[in-house]
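So the structure is just underneath, and the comments pick up after that.
Proteins get letters first, then strands, A, B, ... in listed order; numbering begins at 1 in each. Just so it is clear, the values below take in all heavy atoms, side chains as well, and ignore hydrogens, waters and symmetry mates.
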Number of protein chains: 2
Amino acid sequence: MQVQANTIQSPPIVPAPPSALNLLEQFGSMTRVARDQEIYAEGAPAAACYRVISGCVRIVRLMEDGRRQVGDFALPGDLIGLDALETHDDTAEAVVDTVLRRYPRRMVEALADTQPALSCQLRKLALANLRSAHARMLLLGRKTANERLASFLLEMDRRSPLEAGHLALPMTRADIADYLGLTVETVCRVLAHLKREALLTMTGPGTIRLDRPRLRVLACETRH
Amino acid sequence: MQVQANTIQSPPIVPAPPSALNLLEQFGSMTRVARDQEIYAEGAPAAACYRVISGCVRIVRLMEDGRRQVGDFALPGDLIGLDALETHDDTAEAVVDTVLRRYPRRMVEALADTQPALSCQLRKLALANLRSAHARMLLLGRKTANERLASFLLEMDRRSPLEAGHLALPMTRADIADYLGLTVETVCRVLAHLKREALLTMTGPGTIRLDRPRLRVLACETRH
DNA sequence: CGAACATTTGAGATGGTTCAAGGGTTGTGG
DNA sequence: CCACAACCCTTGAACCATCTCAAATGTTCG
């Protein structure tokens, strides 16, 4: 039994971007990024932002001794690189082969200066990101390993393109561990535990099915 | 020996707000909030945002079983309540008696719609908040108790109004613990350890002096 | 002064880590 | 098409950083 599958082919789902962001479309260009390839690097000038078309991207932050924190996973429809001011303060890497739409920052900023609707939309996006960052701070600061995994699975489930109960988990155990502030071993053990309790069933390589109600109880999530 | 002093009188330092935010000043009004009093509550409609004039505010998020995460401490000059969309997703409480300048959200939004400079400034503020949230996720997910305290002290030192090496710590040990994802006891023990090693000296009730260079090494912070 | 609360310190428990080893899977090159 | 190397994933056992529980010592303020 294994959940992971790095070579999974994500379906070519292309969610429509929010209205005001349509202004950007004319300046967008498609890019293809191979698994584990870097999209942008921490400290580099922020030349562009991207929308994930298919695949999955991890946002990463490193300490000098190698400790790693995954700040987010970006799924189809999500924007990345918008959090930068002058330079990127994190690194973006493709989790699997990924297709992106690239928007030069110069264009984004120029349009934002003249189009209040876009500027407003960008602020709302930043605020939404801030909200999810706050939720993750609570998770990292106060939740147990079980609760973290349950929250993670439900979050991925909620954000993933619907697929009749099947949830794709394209990232490695190490990625999940660094996202949740745990070790690979703990992630494995907790997943094994969830399988044993039937809160989580394998439905194929790299895809699982969740018992959402019971996971919600475990995750201490009343809302959502 | 004790660091804490809830009744400390913060000096009436009033930092000038960033340029574009001056547009808001004409709609601002002063408010006084007593220690531990709520400024706004999680889930409530976001009626206003505030700038801290003097004192200190904690941004709090609660779980049903009482576990608490302090998302941030707002010091003089900082803005709070701007992260809200329609409703607040966190609670703001005064750490000590605090003076605030209150800006009705209706005015903020109306001005942002017509003043691109303000809209841009608000977005930059959100992005700066996002950056510090990312830094704290790394702290909560990957740093040890010693590193967390060292990072915390340096951050407060960096953000506090300069006072010739003296740093005021108006918040409780419990507040610090909930900010760093630790327990009160661990915070006490680490602080005792830092005192023993002379990385931290008492300079009066509620004020301390830091050995910044050595703390930076401890905090694993090359930058700043 | 005394009650309520914050801080400190100790001793013991424990959730998660670390270290170690085995089994699976994937991709590559012969 | 198979064999091998590289990498994941999984599981076990021991350890330890931090938590929990407990109690003593401030501190604040009515």
Inset, instruction - Give the rounded distance in Å between these two atoms: CG of Leu200(A) and P of dT10(D). - result: 10 Å
Legend entry - Residue met sooner reading DNA chain C from 5', once Val187(A) and Asp36(B) are mapped to nucleotides: Asp36(B)
Inset, instruction - Identify whether the distance between the nearest side-chain nitrogen and carboxylate oxygen of Asp178(B) and Arg142(A) falls below 4.0 Å. - result: yes
Inset, instruction - Starting at atom NZ of Lys143(A), determine the distance to atom P of dC19(D), rounded to an integer number of angstrom. - result: 18 Å
Inset, instruction - Using only heavy-atom distances, decide whether a donor-acceptor pair under 3.5 angstrom links the side-chain of Glu185(B) to the base of dC21(D). - result: yes
Inset, instruction - Check the distance between dG16(C)'s P and Arg142(A)'s CZ and give it to me in whole angstrom. - result: 13 Å
Inset, instruction - Round to a whole Å and report the spacing from CD1 of Ile176(A) to C1' of dG16(C). - result: 17 Å
Inset, instruction - With DNA chain C as reference, determine whether Thr186(B) or Thr183(A) sits nearer its 5' end, using the nearest nucleotide of each. - result: Thr186(B)
Inset, instruction - Please report, rounded to the nearest Å, how far the P atom of dG15(C) is from the CG atom of Leu180(A). - result: 19 Å
Inset, instruction - Select one nucleotide: of dC9(D), dA6(C), dT8(C), the one nearest the side-chain heavy atoms of Lys195(B). - result: dT8(C)
Legend entry - Donor-acceptor side-chain pairing of Lys195(B) and Thr201(B) below 3.5 angstrom: no
Inset, instruction - Let me know the distance between CZ of Arg67(B) and P of dT18(D), rounded to the nearest Å. - result: 19 Å
Legend entry - Arg159(B) CZ: over 12 foreign heavy atoms closer than 6.0 Å: yes
Inset, instruction - To the nearest Å, give me how far apart CG (Leu182(A)) and C1' (dT10(D)) are. - result: 16 Å
Legend entry - Base dT20(D) paired with Arg189(B) side chain (donor-acceptor, <3.5 Å): yes
Inset, instruction - Classify the side-chain pair Tyr179(B)/Glu155(B) by whether it contains a donor and acceptor separated by less than 3.5 Å. - result: yes
Inset, instruction - Find the distance Asp178(A):CG to dG16(C):P and express it as a whole number of Å. - result: 16 Å
Legend entry - Arg148(A) (side chain) and dG16(C) (base): donor-acceptor pair under 3.5 Å: no
Inset, instruction - Would you mind checking if Arg58(A) and Asp72(A) are paired as a salt bridge, meaning a charged N to carboxylate O distance below 4.0 Å? - result: no
